[in-house]
Amino acid sequence: MQWETVIGLEVHVQLATRSKIFSGASTAFGAEPNTQACAVDLGLPGVLPVLNEAAVAMAVQFGLAIHAEIPEVSVFDRKNYFYPDLPKGYQTSQMYHPIVGAGEVEITLDDGSTKRVRVHHAHLEEDAGKSLHEDFHGMTGVDLNRAGTPLLEIVSEPDLRSAKEAAAYLKAIHSIVTYLGISDGNMAEGSMRCDVNVSVRPVGQEAFGTRAEIKNVNSFRFVERAIAFEVERQIELLEDGGQVVQETRLFDPDRDETRSMRTKEEANDYRYFPCPDLLPVVLDRAYVDHLRETLPELPADKRARFEKELGLSAYDAGVLSASREMAEYFERVKDVCGDAKQAANWVQGELSGALNREGLPIQHSPVSAEALGELIARVMDDTINGKAAKQVFQALWNGEGASADEVIEAKGLKQVTDSGAIEAMIDQVIADSPAQVAQYRDAEPDKRGKMIGYFVGQVMKASRGTANPQQVNALLKEKLDALC
Ligand code: ADP
Ligand code: MG
């Protein structure tokens, strides 16, 4: 039997507001436990929440970026449950009237093809605190700093059909929220986490299978691995005549498996009701229009522009627009050197290679976009050849000069194009290599092309890499053939 995978993601994005969604307490990461939760975050008697407008603006910007409906009215509800990291006894969320309605996100797959994934809605809610199990023996610690941190929960339709598509979707969300600057997108610090809903069905069957929900997956890689495991588990279960039960599971990255946590609650278990402490949020048209006008260029538009206007391949355009920092760096390089293709090659080749080796993000590149742009310009105007360019790049990377011109000058890497000088070096190499010259002369004419490489290498070495390779090739051929 052939099976089809069906996936829907609920992505929680921590919004980059400075204070909490309903209080003035700080949202800064990494503070001493329990120093950043105030009476409102704890739901102490007698306090009232006040909605943080920045969180509203960010949610609406996201909605606009995914071409979603923005309803005029949204409402906060209480989701009631008990947990040690939730002293209020309820989470303030939006159940029935979310701030962002239906929209869509375009994802790009490895082969450069794109697919539209429908977003059911996105709603605002507060985060809970955090239970700490590791540092305590036989006890659990509770850190409430995160309580009340604003989250945007983005709920997709079950449109994803593979682990790769799910990861691509998560990357698309990551790039939209970081382009908008509404989240730092730092997955390691928990700024983006997702619940992965997975089911399988026989190929050709219309009805969805029963799903399992894998909670709190916090990296692109884990999303893929959790889905791969879960799909296999469900198929095996079904093929053995069993049934998938709707439940909440946990992904264990150390053992690469998902484990059952609890059977799934129904919405009515939570006794949702409108929060009596908060007014409905009413957005007037002018406010939404203003936010629309201030949206930056978004990843999908940028990718399209890189392809259409700059003539980049779909693949290059995708890679270079994936993050805002990458796109800004690339465009700066392109502006300085004046050639999009060369800029794309260098940024994805030499630069990305070096960054990956050192594990550096592009915004911490030791080589500035200006310096790289100038370096490329010097290759294009023939000041240096390709080989010297790599040396210049390495020197800039090591901080041995502030600009490409400075390094070229200091290291004497200027390309030698003076044919007199090149000829002199060639004559010397020919004089020093009688055996190779004899071999060349005795070889069949169609084999000589290959043999010329030795002489080119010697001349380049003699010029310390600065001779113009095309000239060296042409002049060598002339001189050697004259000897035959
Ligand atoms: P709940 O209210 O129980 O969280 P929803 O209907 O809101 O359930 O769906 C939650 C998520 O699960 C959505 O992202 C949706 O796309 C996804 N989903 C729903 N049904 C399935 C299914 N059969 N297989 C995979 N994903 C599903
Ligand atoms: Mg849910």
Side-chain angles (χ1 to χ4, degrees), residues 8-29 36-38 40-43 49-63 65-66 68 74-81 83 85-88 90-101 103 105 119-131 143-156 169-170 173-174 176-178 180-197 213-219 223 248 270 272 275 278 281:
L9 253 49
E10 296 162 279
V11 182
H12 296 83
V13 173
Q14 184 175 320
L15 297 175
T17 57
R18 284 189 300 164
S19 58
K20 304 265 173 90
I21 184 166
F22 302 120
S23 82
S26 168
T27 54
F29 179 82
Q36 285 178 179
C38 72
V40 173
D41 308 326
L42 304 181
V50 176
L51 179 58
N52 184 340
E53 195 212 318
V56 172
M58 290 176 183
V60 172
Q61 283 178 303
F62 176 79
I66 63 161
S74 61
V75 178
F76 284 99
D77 300 293
R78 291 186 179 181
K79 179 183 185 180
N80 301 281
Y81 67 97
Y83 205 70
D85 64 17
L86 188 75
K88 291 167 74 168
Y90 60 87
Q91 178 194 29
T92 307
S93 180
Q94 297 183 312
M95 176 65 180
Y96 302 106
H97 300 284
I99 188 150
V100 173
V105 170
V119 168
H120 180 270
H121 77 271
H123 63 262
L124 279 169
E125 62 185 26
E126 61 181 339
D127 208 344
K130 217 168 147 178
S131 298
D143 176 6
L144 295 168
N145 283 352
R146 215 175 57 183
T149 296
L151 298 178
L152 185 66
E153 177 172 338
I154 304 154
V155 181
S156 84
Y169 171 79
L170 198 58
I173 298 279
H174 185 268
I176 291 169
V177 299
T178 51
L180 290 171
I182 62 172
S183 175
D184 63 19
N186 189 329
M187 298 187 78
E189 289 178 3
S191 300
M192 228 175 103
R193 333 187 265 278
C194 72
D195 300 342
V196 187
N197 296 272
E213 179 179 16
I214 311 162
K215 279 276 175 205
N216 262 325
V217 188
N218 67 352
S219 86
V223 164
T248 301
Y270 289 113
Y272 280 97
C275 180
L278 288 158
V281 181

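Residue numbers start at 1 and run along the sequence shown. Basis for what follows: all heavy atoms, side chains included, without hydrogens, waters or symmetry-related copies.
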Write down the atom of [X], the atom of [Y], and the distance for their closest heavy-atom approach.
X: Asn52; Y: Lys20; answer: ND2-O, 3.1 Å
X: Thr17; Y: Ala55; answer: CG2-N, 3.8 Å
X: Ala68; Y: Gly101; answer: CB-O, 3.5 Å
X: Gly148; Y: Asp41; answer: CA-OD1, 4.3 Å
X: Ser19; Y: Pro150; answer: O-CD, 4.2 Å
X: Val281; Y: Val56; answer: CG1-CG1, 4.5 Å

For the residue pair [X] and [Y], establish whether any side-chain heavy-atom pair is separated by less than 4.5 Å.
X: Asn186; Y: Phe29; answer: no
X: Val75; Y: Tyr96; answer: no
X: Gln94; Y: Phe76; answer: yes
X: Phe22; Y: Val50; answer: no
X: Val119; Y: Tyr169; answer: yes
X: Leu144; Y: Pro87; answer: yes

At what distance, to the nearest 0.5 angstrom, does [atom1] of [X] lie from [atom2] of [Y]?
X: Ile21; Y: Leu124; atom1: CD1; atom2: CG; answer: 4.5 Å
X: Glu189; Y: Gln14; atom1: CD; atom2: CD; answer: 8.5 Å
X: Arg193; Y: Glu10; atom1: CZ; atom2: CD; answer: 13.0 Å
X: Thr248; Y: Asn197; atom1: OG1; atom2: CG; answer: 9.0 Å
X: Ile154; Y: Leu9; atom1: CD1; atom2: CG; answer: 10.0 Å
X: His174; Y: Asp184; atom1: NE2; atom2: CG; answer: 8.0 Å

Problem - Partner set under salt bridge (Lys or Arg N to Asp or Glu O under 4.0 Å) for Lys88, not counting sequence neighbours - result: Glu126
Exercise for the section: Hey, can you tell me if His123 and His121 have their rings parallel, tilted or perpendicular (30° and 60° cut-offs)? Expected result: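 If you compare the ring of His123 with that of His121, the planes turn out parallel.
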Practice task
Output yes when a side-chain donor or acceptor of Ser93 lies under 3.5 Å from a complementary backbone atom of Glu125, and no otherwise.
Solution key: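 No, because the side chain of Ser93 does not come within donor-acceptor range (under 3.5 Å) of the backbone of Glu125.
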Exercise for the section: Return yes if some donor-acceptor pair links the side-chain N/O of Asp127 with the main-chain N/O of Ala147 below 3.5 Å, else return no. Expected result: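 Side chain of Asp127 to backbone of Ala147, a donor-acceptor pair under 3.5 Å: no, none is there.
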Practice task
Determine, for Lys130 against Asp85, whether the closest basic-nitrogen to carboxylate-oxygen distance falls under 4.0 angstrom.
Solution key: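 No, this pair does not count.
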Fill in the blank from the handout: Checking Leu151, Asn218, Leu170 against Met192 for side-chain contact (heavy atoms from CB on, under 4.5 Å), the one that qualifies is Leu170
Problem - Contacts of His12 that satisfy side chain to side chain donor-acceptor pair (under 3.5 Å) - sequence neighbours left out - result: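 Once residues adjacent in sequence are excluded, the partners of His12 under the side chain to side chain donor-acceptor pair (under 3.5 Å) criterion are Glu153.
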